[in-house]
Amino acid sequence: MERRATFDNLWIAAALIAPQLLLVFVFFYWPASQAVYWAFTTQPPFGGSNEWVGLQNFQQIFADAVYWNSVVVSLVFAFLSTSLSIAMGLLLAVMVDRQLPGYSVYRFTYFWPYAIAAPAVGLAFRFIFAPDAGFVSAVNHWFPNLWNPALDGVDAMALIVIANAWKMAAYNFIFFLAALQAIPRTLNEAAAMDGAGVLRRVRDLQLPLILPTLFFLLVINITESFVDSFGIVDIVTGGGPARATELMVFKIYSDGFKGLDYSMAAAQSLVLMVMVVGLTFVQFRYVERRVHYN
Amino acid sequence: MIRKLGLAALTTALSLTAGAALAQERVKFEMWYGLTGKLGEVTAEHCARFNQSQTKYEITCVGQGGYDKAEQNTIAAYRSKQHPTVVQIYDAGTVNFMLSGAVYPANQLVKDFNLNVNWNDYFSGIKNYYATSKGEMWSFPYNSSTALLYWNKDAFAKAGLTEAPKTIEDWDAALGKLKAAGVECGFAFDFDTWMPLEQFSAIHNLPLASKNNGYSGLDAEMVFNKTKFADYMKLWKSWLDKGYSRIQTAQVGKTIIQAFTDGSCATILTSVANHGVVGGLVKDGFNWDVAMLPVYAGTERKNSLVGGASMWIMSGKSKAEYEAAAAFLQFLALPSEQEWYVNATGYIPVTKTAFEKLKADGFYAKPGIKGREVSMQSLTYSEPNEITRGIRLGNFTQIRAEIRSELEAAFTGKKDMQAALDEAVARSNQILRRFEQTFKGRDLP
């Protein structure tokens with residue numbers, strides 16, 4: 001028979017988990033339930049007199065081309081910035097893992113970008129990539145009007161992707177490096193003695209072995225790009241030009257806080273929540289099957 | 001020596017405690033404001049002046065980092081009963097506060113505390129903007145401005161021009177001459193709707209929306225896509241296409257003000273509140289001036305709109321706090337205080353008495369100030385009518401954002417201008433209907 005550590009006294013168990021549950025309740029379930037309530041009513045900015053409107057808020061959202069635009073923009077952003085940040089993080093980690101000259105300095109400094117608050121990252125990138133005055137303005141000097149994120153939606157998207165990937169690559173780097181260093185040296189050495197080159201070892205040995213980490217980072221990066229990219233967008237592009245970078249989370253902010261339409265924002269955040277949960281489910285259901293943990 | 005120091009420390013400590021004791025007797029209250037940068041500093045200083053001017057009340061002023069943030073934060077604070085007694089709310093937020101049920105109307109405060117406030121002394125353009133449809137003042141106009149044309153005299157001289165354009169046709173011709181004379185950028189603009197849409201419509205006596213721009217009811221509908229504003233925007237687009245003008249935003253790297261002050265763009269439209277800023281940024285020997293916004297030839301010009309913010313008193317505070325707030329608002333309205341504020345910023349005085357006093361003191365003849373009187377001329381050009389009194393549309397901040405997005409699409413060539421304006425109107429109407437529904441059963445005061 002299986003032996004399990006159980007509490008005979010349920011009251012003690014309840015008392016022990018109560019503080020944690022209380023925190024989760026106060027900071028997650030309670031606000032979330034408020035959002036659900038608002039999503040089905042109309043909530044005036046100063047509160048009071050909610051009116052039940054059923055699914056009207058959702059109908060209005062789904063009938064709105066601008067909303068669908070923000071969904072598409074979010075998906076494009078999530079795909080591009082996740083691919084870029086994982087690729088950059090992996091590349092840097094492999095290099096540092098190979099102990100190239102100066103690797104200890106890199107190991108120490110590559111993590112820093114993640115410690116910078118998103119609005120600060122945004123401000124820095126806005127200055128560097130400003131078409132008139134930034135460092136990149138030299139590009140426009142040689143090729144006039146090639147780069148202008150203020151007027152060109154594609155440039156603007158590229159800019160927020162780069163900014164977000166730059167920040168997230170640092171985070172990915174640390175995880176990849178830890179995973180790479182957990183691989184026994186002997187495996188690598190044996191492969192090298194068998195004549196496998198660097199790229200071959202990365203592809204056939206290291207990558208398969210760090211697949212669980214890669215999967216974890218995939219989930220985290222996609223989730224982050226959906227729910228945590230607000231700071232960069234707000235500072236760098238403000239959702240423009242002409243809504244080219246209006247991510248779902250930014251639209252929620254601008255409808256809710258700038259537009260003071262709390263109900264519409266609540267309905268949109270429910271949709272976003274369902275979407276992120278759904279995406280994560282898909283990843284665990286279909287992608288994780290191909291990951292071997294041992 | 002050491003004893004002396006000890007004694008000094010003791011006296012300081014004693015006087016500090018005494019000061020603290022004295023301060024504790026003062027009635028404390030809070031004011032939140034939205035102005036930032038230099039203008040925010042001046043507002044904070046205004047509070048300090050109030051604290052120094054008397055010993056009964058003590059105000060703590062907290063900057064919120066932007067007009068919209070001041071409004072958002074006040075709403076959030078009100079919902080958790082942590083709101084300030086007084087708050088500075090920008091023009092576009094007026095309607096939200098009128099419908100909020102969370103304010104203590106200014107005219108009531110004046111009555112309850114016997115304040116010496118003569119509403120008729122306020123410029124009617126300023127007063128009417130903030131008044132209810134019945135003409136009652138629910139807030140105290142504070143920082144006020146209007147839009148002007150700023151022009152670079154040196155660049156104009158290069159093109160053989162000596163005068164600011166009075167009509168839009170003159171302006172068009174001037175931009176052509178500037179371009180021919182080698183001035184690379186005749187006009188810099190961003191997507192702010194305040195100048196091209198709101199001010200333009202007022203001075204041309206054109207409505208933005210039905211129901212007297214919303215003053216007569218929450219069921220107003222947008223109409224600006226069918227007025228001369230549409231032609232005006234098409235003209236702007238043609239200027240951009242012909243290389244007369246440039247889009248300058250913070251994202252491009254230079255705002256319109258920076259593009260004007262570094263001499264690269266010859267004209268801009270912006271608030272008179274920036275008069276001091278421009279004066280501070282230009283190099284010595286840079287000749288520039290301001291003029292009233294140009295109108296289409298043959299237009300009977302009307303008054304331009306006031307922009308800025310007013311002071312609201314929030315409900316749910318004690319009588320002592322209201323008494324303190326009343327004293328503060330009375331203080332702000334003093335002609336001498338207005339004079340100080342006007343001098344330190346670029347804003348205009350809000351009462352006729354203060355303006356006359358400033359004029360009599362020779363304020364508008366001073367170098368660096370000269371030109372600001374044009375804004376008074378623009379604001380008082382005519383007695384405000386139902387259309388030129390202002391704009392009272394629900395959720396106007398979001399409407400501005402929608403129009404801005406559509407203008408971006410049109411000016412960057414993604415959409416035809418008329419199609420963009422039609423879309424902007426349709427989306428604005430959606431916002432208005434949404435607002436009407438959210439405030440169902442409440443009448444606009």
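Sequence lines set the chain letters: A, B, ... in the order given, protein chains first and strands last, and positions in each chain run from 1.
Heavy-atom distances place the backbone of A/Thr237, and not its side chain, under 4.5 Å from chain B. Of the two parts of A/Val236, only the backbone, made up of N, CA, C and O, holds a non-hydrogen atom closer than 4.5 Å to a non-hydrogen atom of chain B. Neither the backbone nor the side chain of A/Glu246 comes within contact range of chain B; no heavy atom of the residue lies under 4.5 Å from a heavy atom of that chain. Neither the backbone nor the side chain of A/Leu159 comes within less than 4.5 Å of any heavy atom in chain B. In this structure, no portion of B/Lys415 lies under 4.5 Å from any heavy atom of chain A. Looking at B/Glu423, neither its backbone nor its side chain comes within 4.5 Å of chain A, counting heavy atoms on both sides. Only the side chain of B/Asp68 comes within less than 4.5 Å of a heavy atom in chain A; its backbone stays farther off.
Residues A/Glu51 and B/Gln437 bring no donor and acceptor atom of their side chains to less than 3.5 Å of each other. Checked by atom type, the side-chain pair B/Gln398/A/Asp255 shows a donor-acceptor distance below 3.5 Å.
Between B/Ile75 and A/Tyr262, some side-chain heavy-atom pair lies under the 4.5 Å cut-off.
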Applying side chain to side chain contact (heavy atoms under 4.5 Å, CB included) to B/Arg434 and A/Asp261, what does each step give before you reach the verdict?
CA-CA 8 Å; B/Arg434 196 61 209 164; A/Asp261 192 343; 2.9 Å; yes
Between A/Met264 and B/Thr438, does the side chain to side chain contact (heavy atoms under 4.5 Å, CB included) criterion hold? Intermediate values first, please.
CA-CA 11 Å; A/Met264 204 61 107; B/Thr438 307; over 6 Å; no
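Residues A/Arg243 and B/Glu406 are paired through a salt bridge, judged by an N-O separation under 4.0 Å between the basic side chain and the carboxylate.
Environment of NZ in B/Lys81: crowded, with over 12 heavy atoms of neighbouring residues, nucleotides or ligands closer than 6.0 Å. Shown here is A/Phe257, whose CZ atom has no more than 12 heavy atoms of other residues, nucleotides or ligands within 6.0 Å.
A side-chain donor-acceptor contact under 3.5 Å links B/Arg79 to the backbone of A/Pro45.
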